[in-house]
Amino acid sequence: MIASMDWEAVQRGAIVFYRFRDSPWSNISHGFLTRKGGVSAPPFASLNLSHSVGDDPAAVAENMRRAFAAIGLRAEEIVTAWLIHGNEVALVDAHHRGRILEGVDGLITAERGLALFMRFADCIPVLLTDPALPAVGIVHVGWRGLAAGVLEAALEIFERRLGSCPSGLHAALGPGIGGCCYAVGPEVIEALGPRLGRALPLHRINGAWHLDLPEAVRRHLCHLGVPSVITAGVCTACHLEDWYSHRAEHGRTGRFGAWIRNP
Ligand SMILES: [Zn+2]
């Protein structure tokens, strides 16, 4: 696991987010909002940014207002997605500003100044950039998306539609569930086998197989030709004070936000 050399917290009022300061990320507006600084009540406390988990819609709207004000984005300017753990990735531009794309788990843009936003609770937020274009992307990667080829789909757009070479891409992995907390059944191992094979990072804890999902994503990106992959090295389930964890909170929880803006 290659942990970021420079993963820092930023506090703006009551809102706290984290970002990478490693090159080239220090030149790109991006970040991962913690669950701190919002108004939602438990089990969504407090900065839940999802309308689809059963939280009070008024609280979510206020959380969005606070979060976007803190990070300097406006809701009508961003592109976001309704995630389904699939392998659809969309190339978006200025025409998609303010829209929610249904059924996609990856967003990519070469539009200058356009921001992409997604919500997470255990799945890995994968940020991508080709600084030479410039272009950026955000991908929601759980075991289902990894098995279905969502990373391949994202890289194909960078290569075929934007003319990137994988060796020119950089990837950064935000907080997600770690191998310490992610017991998986045989269906997960069987689904990932064809794509990752021996590269699957599994280990036993108290007799149960655990998958190191961030490491699986990192190895697969390297296998696909992306040489520069850094990770926050933060397990969502181990740090419920900062992040939401679908697994550790038994499905009753909120979603934290992650964004990236093309320079
Ligand atoms: Zn953990």
Side-chain angles (χ1 to χ4, degrees), residues 1-4 6-22 25 30-55 59-60 62-64 66-68 70-71 73 80-81 83 85 105 116-127 138-146 171-184 210-218 229-260:
M1 183 69 64
I2 301 168
S4 164
D6 214 348
W7 166 251
E8 70 169 8
V10 179
Q11 179 143 17
R12 300 220 173 117
I15 303 291
V16 181
F17 64 87
Y18 281 79
R19 65 186 172 194
F20 296 102
R21 298 301 292 171
D22 313 71
W25 301 100
H30 73 282
F32 307 88
L33 288 148
T34 67
R35 66 193 290 174
K36 293 174 176 170
V39 299
S40 292
F44 310 109
S46 66
L47 193 71
N48 168 45
L49 299 176
S50 173
H51 279 290
S52 62
V53 294
D55 194 1
V60 179
E62 173 62 14
N63 290 341
M64 296 284 275
R66 290 183 182 201
F68 286 152
I71 64 181
L73 293 179
T80 186
L83 311 173
H85 298 269
D105 286 86
L116 313 173
F117 179 86
M118 281 187 182
R119 301 159 175 88
F120 298 87
D122 287 346
C123 286
I124 312 300
V126 178
L127 305 184
I138 183 167
V139 191
H140 166 254
V141 187
W143 71 266
R144 284 192 175 84
L146 189 59
L173 281 49
I177 195 158
C180 39
C181 296
Y182 197 35
V184 293
H210 283 61
L211 172 65
D212 187 337
L213 186 58
E215 175 62 9
V217 171
R218 188 194 69 79
V229 185
I230 57 170
T231 173
V234 174
C235 172
T236 42
C238 282
H239 298 283
L240 295 178
E241 71 283 8
D242 279 336
W243 313 102
Y244 296 108
S245 171
H246 188 268
R247 173 65 68 96
E249 297 176 277
H250 311 291
R252 287 278 294 165
T253 189
R255 300 288 182 273
F256 62 86
W259 85 94
I260 185 165

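The residues of the chain are indexed from 1 along the displayed sequence.
A donor-acceptor contact shorter than 3.5 Å is absent between the side chain of Asp122 and the backbone of Gly176.
Considering only residues two or more places apart in sequence or on other chains, His140 meets the side-chain hydrogen bond (donor to acceptor under 3.5 Å, both in side chains) condition with Asp105. Residues passing the salt bridge (charged side-chain N to carboxylate O under 4.0 Å, His left out) test with Arg21, sequence neighbours excluded: Glu8. Asn63 pairs by the side-chain hydrogen bond (donor to acceptor under 3.5 Å, both in side chains) definition with Ser40, not counting sequence neighbours. When the salt bridge (charged side-chain N to carboxylate O under 4.0 Å, His left out) test is applied to Arg119, no partner is found at least two apart in sequence or on another chain. By the ring pair (Phe, Tyr, Trp, His ring centres under 6.0 Å) test, Phe68 is found to be paired with Phe117, residues two or more places apart in sequence or in another chain being considered. A search for side chain to side chain contact (heavy atoms under 4.5 Å, CB included) contacts involving Arg252 returns Pro43, Phe44, not counting sequence neighbours. For Ala45, the side chain to side chain contact (heavy atoms under 4.5 Å, CB included) test picks out Pro42, with sequence neighbours left out. Scored by the side-chain hydrogen bond (donor to acceptor under 3.5 Å, both in side chains) test, His85 finds no partners at all (sequence neighbours excluded). Taking Ser46 as the reference, nothing meets the side chain to side chain contact (heavy atoms under 4.5 Å, CB included) condition, with sequence neighbours excluded. Remark: Ala67 engages Leu33, Leu47, Leu49 in a side chain to side chain contact (heavy atoms under 4.5 Å, CB included) (not counting sequence neighbours). In this structure Arg144 satisfies the side-chain hydrogen bond (donor to acceptor under 3.5 Å, both in side chains) test with no other residue, sequence neighbours excluded.
We find the CH2-SG distance between Trp243 and Cys235 to be 12.0 Å, quoted to the nearest 0.5 Å. A distance of 4.5 Å separates CD1 of Ile260 from CG of Leu127, quoted to the nearest 0.5 Å. Summarising the geometry, atom CZ belonging to Phe120 is positioned 14.5 Å from atom NE2 belonging to His246; distances are rounded to the nearest 0.5 Å. In this structure, the separation between CZ on Arg218 and CD1 on Ile124 is 13.0 Å, given to the nearest 0.5 Å.
Between Leu240 and Ser245, the closest side-chain pair of non-hydrogen atoms falls below 4.5 Å. With contacts defined as side-chain heavy-atom distances shorter than 4.5 Å, the pair Val229/Leu173 qualifies. Side-chain contact between Cys238 and Cys180 is present, with at least one heavy-atom pair separated by less than 4.5 Å. Side-chain contact check for Val217 versus Val126: some heavy-atom pair is nearer than 4.5 Å. Using a 4.5 Å heavy-atom cutoff, the side chains of Tyr182 and Arg247 are in contact.
Across Trp25, Trp259, Trp7, Phe256, a single residue satisfies ring-ring contact (aromatic ring centres under 6.0 Å, His included) together with Tyr18, and that is Trp7.
The two residues Ile71 and Arg12 have their closest heavy-atom pair at CA-NH1, 4.1 Å. Contact detail for Val53 and Gly254: the closest heavy-atom pair is CG2-CA, 4.3 Å. Across all their heavy atoms, Met118 and Leu83 have their closest contact at SD-CD2, 3.7 Å.
Identified under the salt bridge (charged side-chain N to carboxylate O under 4.0 Å, His left out) test for residues 31-45, with sequence neighbours left out: Arg35-Glu249, Lys36-Asp242.
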Check the pair Asp6 / Phe20 against side chain to side chain contact (heavy atoms under 4.5 Å, CB included), numbers first and verdict last. CA-CA 6 Å; Asp6 214 348; Phe20 296 102; over 6 Å; no
